[in-house]
2 protein chains.
Amino acid sequence: MDRASRTSANVTSPATEAAETTGEQGDATPKRARARRRDRTTASMADVARLAGVSSQTVSRVSNGYAGVNEETRRAVLSAMKELGYRPNSAARALKRGEFRTIGVITFTLATTGNVRTLEAIATSAAHEGYAVTLLPVAIPTQDEVRGAFTRLEELAVDAVIVIMEVHLLDAATITLPPHVQVVVVDSDAGDHYTVVDTDQAGGTRTAVRHLLDLGHQTVWHLGGPEGSFAAQRRADTWRAALTEAGHVPPPLVRGDWTAESGYRAGLELAARENCTAVFAANDQMALGLLRALHERGRRVPEDVSVIGFDDIPEASSFLPPLTTVHQDFAEVGRLCVEAVLRKMRREGPERGTTLVPTRLVLRASTAPPPGRDAERP
Amino acid sequence: MDRASRTSANVTSPATEAAETTGEQGDATPKRARARRRDRTTASMADVARLAGVSSQTVSRVSNGYAGVNEETRRAVLSAMKELGYRPNSAARALKRGEFRTIGVITFTLATTGNVRTLEAIATSAAHEGYAVTLLPVAIPTQDEVRGAFTRLEELAVDAVIVIMEVHLLDAATITLPPHVQVVVVDSDAGDHYTVVDTDQAGGTRTAVRHLLDLGHQTVWHLGGPEGSFAAQRRADTWRAALTEAGHVPPPLVRGDWTAESGYRAGLELAARENCTAVFAANDQMALGLLRALHERGRRVPEDVSVIGFDDIPEASSFLPPLTTVHQDFAEVGRLCVEAVLRKMRREGPERGTTLVPTRLVLRASTAPPPGRDAERP
DNA sequence: CCATCGGATGTTTACGTAAACATTACAGCG
DNA sequence: CGCTGTAATGTTTACGTAAACATCCGATGG
């Protein structure tokens, strides 16, 4: 109950009481009273200094772990801090230091696993480096929206920005980037203009396509992602290239929008094609919808049709059948984003270039050799 | 190409050039040079004022849309702002105003749909109100971790905090909440001490259980969530109560940890029970695993076993079979969180109390009457 | 015994903004 | 014609912190 009562509602500021009992300081009382501002909820360095009997500069030194402070003095300051419940004012700190220790993350949506997992990794890595993460989702990816987002981010307190989306939408908008803000981009091929960190889309795609071809499939169909996405584009391009290089004819591309529902619709279409024995879905959600469509149409997976996904979401192992898929290391992508953006801020790294995070094929139960090996041939 | 070159790497500060050409101001040059700081990337109000030939206070008035400014002067200031690429310094602003216009969100994980969707809604609503959202995921929900998170949040710039987790973990930790920071909690029953916004767990659960009983099932099994979660606790309690009230005997509780994998494991167990004809899963992911387990064990859904989930994740409609589930309005929860926390900050609302967001039963294809109506009876 | 050095601490100042207060100029009015 | 009121703008100051610089004091060495 003691604990439960320590809610924000019940908190009384220890700073106030302590200040009341601190009777020295001979100067005019009205000044003191005025100096205590409209709310007397927070203690400043000056308050701590007064209580500890030192200068505020010494408090600052203790607060920042500066070396040249006598151990005894340090303890006195720390104890005063504790008594007053002192917390450094980050606004003042940011103003003085000229940096916010905050990274902004701009993204269209948190509906896709990839964005979320990347974001989570970014937040974790950033926290580890002493940075906070400010989130700014932009609901509708129009150019105006994007601009709006950035404007807000500028006025907010960020030292750097990580963009989780196709950056050409940024280029296309008339955005004035604040000059000192560093940008790192995910899901883009703009490595010649930006610093880009991304999953090795091409590598993952090749692995997937090759796996299906190695099983003996004549060709591989592709259930692609939406047009705006670089990842979708890259996966589709590589899928086509990989087939062509191996001497196979790429069938027409079928597009979805990343959702399971779109995968289902596309799946109904693919299920109707007798010669479709292998499908590479651009993400696991669409693969899920695809599996349902195939099931409804009586095409067994993997006996009749092999399906492979991309992402390796946690649920993929519980699909019917468990999905063979390309594993993305989102955590690593997020980590590298933070690393890259901090390096840029410290002018330690190159201004641009692309870093790719390798993928890994996870074999489960949704792929198998085609049914009648050499059934039909074009 | 013009656009592409407007990257952070290529940006030159318009402020610098303009300042260079601003030759008036007769005072000592060295002072000017020093005042321009180590980096000359940002223009301050003083710079704008100088260029526009007004005082910085007038710039401030224009910047904040203050009324008493001559239209001509206003235009001059705006034009100077544009020329210098002026952006208000939010650190200085926050320091002066005593508020950050930022809401902190603390959460254990972004792995669950609910947290993410709520977070997204919070961010959107907050942005709409002119607030930023600072994210702080805490990897492992130990008490020390929680305390660490809050310490960091305090030192960061937040005016309020939304906690997406069971708040008793907070109570149990020795956290000193900064006195002026308002807290709103999701996933808790601590409405007597905090402001709580949550989905109507009980209502949703009752709807689900009643639906299955109405179909004629003798009883309903429950695949519950992990112990630490209030939502899991609440759903389990209500499930038990609803059964008892209807004169049915609640079977033993089977627990998972929200993941599909845990649902699968639990599902294997449930599939072995002949008398299990209806299962209420505490979330959709576990329902997915459950479906797989039942399928593997040859128990058809919904012919042999009915399954109902909770959450209504987008993928639920693509499960095999499409999942009947309880729809949660996460967007509304997030929106209400922001609303509540802002109201608390403005002292317009009550300090505590619980707001529940209603659920909705979404009927799909995973539920049906039990196989042999009056087969066995306890 | 005094100059010097360096550790410990204090004082001053600036960061950029905006509230509070001060000043100016001009219109309206008796 | 001078007084008053008000709109427009300028000046001063404080927000809380930390860099830069200043001071103090005891120890060390010549």
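Keep in mind that this is a model prediction, so the values were computed, not measured. Quick note on labels: first sequence line is chain A, next is B, and so on, each numbered from 1.
Taking only side-chain atoms of A/Asn89, from C-beta outward, the nucleotide of C/dT11, D/dT9, D/dG16 with the closest atom is D/dG16. Listed nucleotides D/dT9, D/dC15, C/dA18 differ in distance to B/Met45; the shortest reach to its side chain belongs to C/dA18. Relative to the side chain of A/Val69, the nucleotides D/dA18, C/dT17, C/dT9 differ in distance, and C/dT9 lies closest.
Remark: the A/Arg93 side chain and the A/Ser63 side chain contain an N/O donor-acceptor pair separated by less than 3.5 Å. For the 3.5 Å distance criterion, the side chains of A/Arg75 and A/Asn70 fail to qualify, holding no donor opposite an acceptor.
Taking atom CZ of residue A/Arg87 and atom P of nucleotide D/dC15, one finds them 21 Å apart after rounding to whole Å. A straight line from CD of A/Glu99 to P of D/dA18 spans 11 Å, rounded to a whole angstrom. B/Glu71 places its CD atom 11 Å from the P atom of D/dT9, with the value rounded to the nearest Å. One atom, CG of A/Leu95, and another, P of D/dA14, lie 17 Å apart when rounded to the nearest Å. Between the C1' atom of D/dT9 and the CZ atom of B/Arg74 lies a distance of 16 Å, rounded to the nearest Å. In this structure, B/Gln57 places its CD atom 6 Å from C1' of C/dA18, rounding to the nearest Å. The nearest whole Å value for the distance from the CZ atom in B/Arg75 to the P atom in D/dA8 is 14 Å. The distance from atom CG of A/Asp47 to atom P of D/dC15 is 10 Å, rounded to the nearest whole Å.
Using a 4.0 Å cut-off, no side-chain N or O of A/Ser44 falls inside it from OP1 or OP2 of D/dG16. Between A/Arg93 and D/dA18, a side-chain N or O to OP1/OP2 separation shorter than 4.0 Å is present. Side-chain nitrogen and oxygen atoms of A/Ser56 include none within less than 4.0 Å of the OP1 or OP2 phosphate oxygen of D/dT17. Between A/Arg97 and D/dT17 there is no side-chain polar atom (N or O) within less than 4.0 angstrom of OP1 or OP2.
More than 12 heavy atoms of other residues, nucleotides or ligands shown are found within 6.0 angstrom of CD on A/Glu71.
With hydrogens and angles disregarded, no donor-acceptor distance shorter than 3.5 Å links the side chain of A/Gln182 to the backbone of A/Met345.
Within a heavy-atom distance below 4.0 Å of DNA chain D, the residues of residues 58-65 of chain A found are A/Ser60, A/Asn64.
Using a 4.0 Å heavy-atom cutoff across all strands shown, B/Tyr86 reaches sugar-phosphate atoms only and no base atom.
Put simply, the residue from A/Val184, A/Thr118, A/Leu110 that forms a side-chain contact (heavy atoms from CB on, under 4.5 Å) with A/Ile164 is A/Thr118.
Between B/Asn70 and B/Ala92, the residue anchored closer to the 5' end of DNA chain D is B/Asn70, taking for each the nucleotide with the nearest heavy atom.
Between B/Thr134 and B/Ile103, every side-chain heavy-atom pair lies at or beyond the 4.5 Å cut-off. Under the 4.5 Å side-chain criterion, counting only non-hydrogen atoms from C-beta, B/Thr124 is not in contact with B/Val338.
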